[in-house]
Visitor: 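The following block contains the structure, expressed as structure tokens.
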Amino acid sequence: MEAITSGFLLFRQGGIVMYILLLCSLFVVYIGMERAIFYTHMDSGAAFAQRFYTYMKLGQYDKARTLADESQGGLAYILRDVFAGRTGRDVRAYIELQSGILMAKLRSRLYYLSVIVTLGPILGLLGTISGMIRAFSIFNVQTGQSAAITGGVGEALIATAFGLCVAILALLIHSYFTQRLDRIITDMELCFSALETMPREKED
């Protein structure tokens with residue numbers, strides 16, 4: 001309980017900027033949770049891509065189609081439409097359009113994380129500067145004022161520390177989903193290249 005009280009006091013000492021940083025941190029956590037749930041549903045997985053590619057290269061198109069029908073995720077949905085003949089006459093155009101839509105959905109909200117990565121330290125620095133201004137505004141030659149200034153500067157640094165923590169959290173989450181997105185793109189390219197080996201009559 002004492003640790004919670006001390007933490008709350010430190011938080012208040014950071015100034016008004018701390019509340020903005022707190023909102024940013026909550027927003028980062030929300031994006032991380034929302035993206036994790038979305039990626040869980042829309043990521044077919046590297047294992048799916050490897051199995052699909054293997055089936056297609058071996059000419060086992062029925063197994064590849066069954067795999068797409070029984071799997072979940074955006075890539076599996078696109079491949080399912082290709083095998084079901086719901087792509088129209090231009091299969092390549094359909095694949096490019098649907099994959100573009102999927103990529104846009106996967107990239108959604110990741111931009112906000114990159115903004116917070118930059119914004120967090122800046123807000124922390126702003127809190128530090130405002131705290132130092134308040135600390136030095138009490139400066140005079142009276143006894144004990146130097147201690148007050150030192151304490152004020154120390155308290156002002158809390159905002160910078162918290163801002164860096166928020167930025168680090170946002171950077172970690174952004175890096176994780178960026179890496180996962182790159183892997184999904186690789187899986188899509190692998191599967192779509194395998195479709196080129198399938199005779200056209202098999203797509204109908």
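Keep in mind that what you see is a predicted model, and the values were worked out from it rather than measured.
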Visitor: Mind checking the CG-CD1 spacing from Leu110 to Ile31? Nearest 0.5 Å is all I need.
Guide: 8.0 Å
Visitor: Taking the six-membered ring for Trp and the full ring for Phe, Tyr or His, determine whether the centres of Tyr55 and Tyr61 are under 6.0 Å apart.
Guide: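 Aromatic pair excluded; centres sit 6.0 Å or further apart.
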Visitor: With the side chain counted from C-beta on, respond yes when Phe83 and Asp69 share a heavy-atom pair under 4.5 Å apart, and no when they do not.
Guide: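 Counting from C-beta outward, Phe83 and Asp69 never come under 4.5 Å.
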Visitor: With Arg109, which residues qualify under salt bridge (charged side-chain N to carboxylate O under 4.0 Å, His left out), at least two apart?
Guide: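 Salt bridge (charged side-chain N to carboxylate O under 4.0 Å, His left out) check on Arg109 returns Glu34.
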Visitor: If we ignore hydrogens and angles and just use 3.5 Å, is the side chain of Tyr77 paired with the main-chain N or O of Gln72 as donor and acceptor?
Guide: no
Visitor: Tyr112, Val29: one ILVMFWY side-chain cluster at the under-4.5 Å cut-off?
Guide: yes
Visitor: Measure the shortest side-chain to side-chain distance between His174 and Thr178 over non-hydrogen atoms and say whether it is less than 4.5 angstrom.
Guide: yes
Visitor: To the nearest 0.5 Å, what is the distance between CD1 (Ile16) and CG (Leu21)?
Guide: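 Answer for the CD1-CG pair, Ile16 versus Leu21, is 10.5 Å.
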Visitor: Test of understanding: clusters of I, L, V, M, F, W, Y form through side-chain heavy atoms closer than 4.5 Å, transitively. Do Ile20 and Tyr30 belong to the same one?
Guide: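 Yes, it is one cluster - the side chains of Ile20 and Tyr30 are joined through contacts under 4.5 Å.
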Visitor: Please examine the side chains of Leu190 and Gln50, heavy atoms only from C-beta on, and report whether any two atoms are closer than 4.5 Å.
Guide: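 The answer is yes; the side chains approach within 4.5 Å.
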Visitor: If you count the non-hydrogen atoms of other residues, nucleotides and ligands that lie under 6.0 Å from CZ in Arg180, is the total more than 12?
Guide: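 For Arg180, atom CZ is crowded (more than 12 foreign heavy atoms under 6.0 Å).
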Visitor: With a 4.5 Å cut-off on side-chain heavy atoms, are Asp187 and Phe48 touching?
Guide: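 No, their side chains stay 4.5 Å or more apart.
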Visitor: Any donor-acceptor pair under 3.5 Å linking the side chain of Ser71 with the backbone of Ala68?
Guide: no
Visitor: Give the C-alpha distance, both sets of side-chain angles, the deciding distance and a yes or no for side-chain contact (heavy atoms from CB on, under 4.5 Å) between Ile95 and Leu195.
Guide: CA-CA 11 Å; Ile95 290 176; Leu195 284 177; 3.7 Å; yes
Visitor: To the nearest 0.5 Å, what is the distance between CE on Met188 and OG on Ser193?
Guide: 12.0 Å
Visitor: I want to check something: taking the side chain as every heavy atom from C-beta on, are Ile122 and Thr118 in contact at a cut-off of under 4.5 Å?
Guide: yes
Visitor: So if I apply the side chain to side chain contact (heavy atoms under 4.5 Å, CB included) rule between Val166 and each of Val117, Leu171, Ile116, Leu123, which one comes out positive?
Guide: Ile116
Visitor: Same cluster for Leu97 and Leu102 if Ile/Leu/Val/Met/Phe/Trp/Tyr side chains link at under 4.5 Å?
Guide: no
Visitor: Calculate, to the nearest 0.5 Å, the distance between atoms CZ and OG1 belonging to Phe52 and Thr66 respectively.
Guide: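 Spacing of CZ (Phe52) from OG1 (Thr66) equals 11.0 Å.
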Visitor: Donor-acceptor check, side chain of Thr160 to backbone of Gly124, threshold 3.5 angstrom: yes or no?
Guide: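 Judged by distance alone, yes, a pair lies under 3.5 Å.
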Visitor: How many angstroms lie between CG in Asp182 and CG in Leu106, if you round to the nearest 0.5 Å?
Guide: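 Those atoms lie 11.0 Å apart.
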Visitor: Does the side-chain contact (heavy atoms from CB on, under 4.5 Å) test come out yes or no for Arg51 and Lys63, once each step is laid out?
Guide: CA-CA 9 Å; Arg51 289 181 61 191; Lys63 288 186 177 181; over 6 Å; no
Visitor: Are there more than 12 heavy atoms of other residues, nucleotides or ligands under 6.0 Å from atom OH of Tyr53?
Guide: no
Visitor: Are Glu196 and Arg92 close enough for a salt bridge, meaning some N to O gap below 4.0 Å?
Guide: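 Looking at Glu196 and Arg92, the cut-off is met.
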Visitor: Under 3.5 Å, side chain of Ser108 to main-chain N/O of Ala104, donor-acceptor pair present?
Guide: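 No.
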Visitor: The test is side-chain contact (heavy atoms from CB on, under 4.5 Å); show your working for Ile184 and Met103 and say whether it passes.
Guide: CA-CA 9 Å; Ile184 292 175; Met103 288 299 99; 4.0 Å; yes
Visitor: Measure across Gly74 and Ser44 and return the closest heavy-atom pair with its distance rounded to 0.1 Å.
Guide: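 Smallest heavy-atom distance, with atoms named: N-OG, 4.0 Å.
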Visitor: One pair to check against side-chain contact (heavy atoms from CB on, under 4.5 Å): Cys191 and Leu79. What are the steps and the verdict?
Guide: CA-CA 8 Å; Cys191 292; Leu79 296 173; 4.1 Å; yes
Visitor: Drop me the distance from Ile78's CD1 to Tyr94's OH, to the nearest 0.5 angstrom.
Guide: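 The distance works out to 7.0 Å.
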Visitor: Do Leu113 and Leu22 land in one hydrophobic cluster if side-chain heavy atoms of ILVMFWY residues count as linked below 4.5 Å?
Guide: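 Result: yes, single cluster for both.
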Visitor: Which pair of non-hydrogen atoms, one from Phe177 and one from Ala36, has the smallest distance, and what is that distance?
Guide: CZ-N, 3.5 Å
Visitor: What closest approach, in Å, do Glu96 and Ser99 show between heavy atoms, and which atom pair accounts for it?
Guide: O-OG, 3.0 Å
Visitor: Strictly distance-based, threshold 3.5 Å: is any side-chain N or O of Ser175 a donor or acceptor partner for the main-chain N or O of Leu172?
Guide: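 It does not hold such a pair.
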Visitor: Hey, quick one: are Phe38 and Ile101 part of the same hydrophobic cluster, counting side-chain heavy atoms closer than 4.5 Å, chains of contacts allowed?
Guide: no
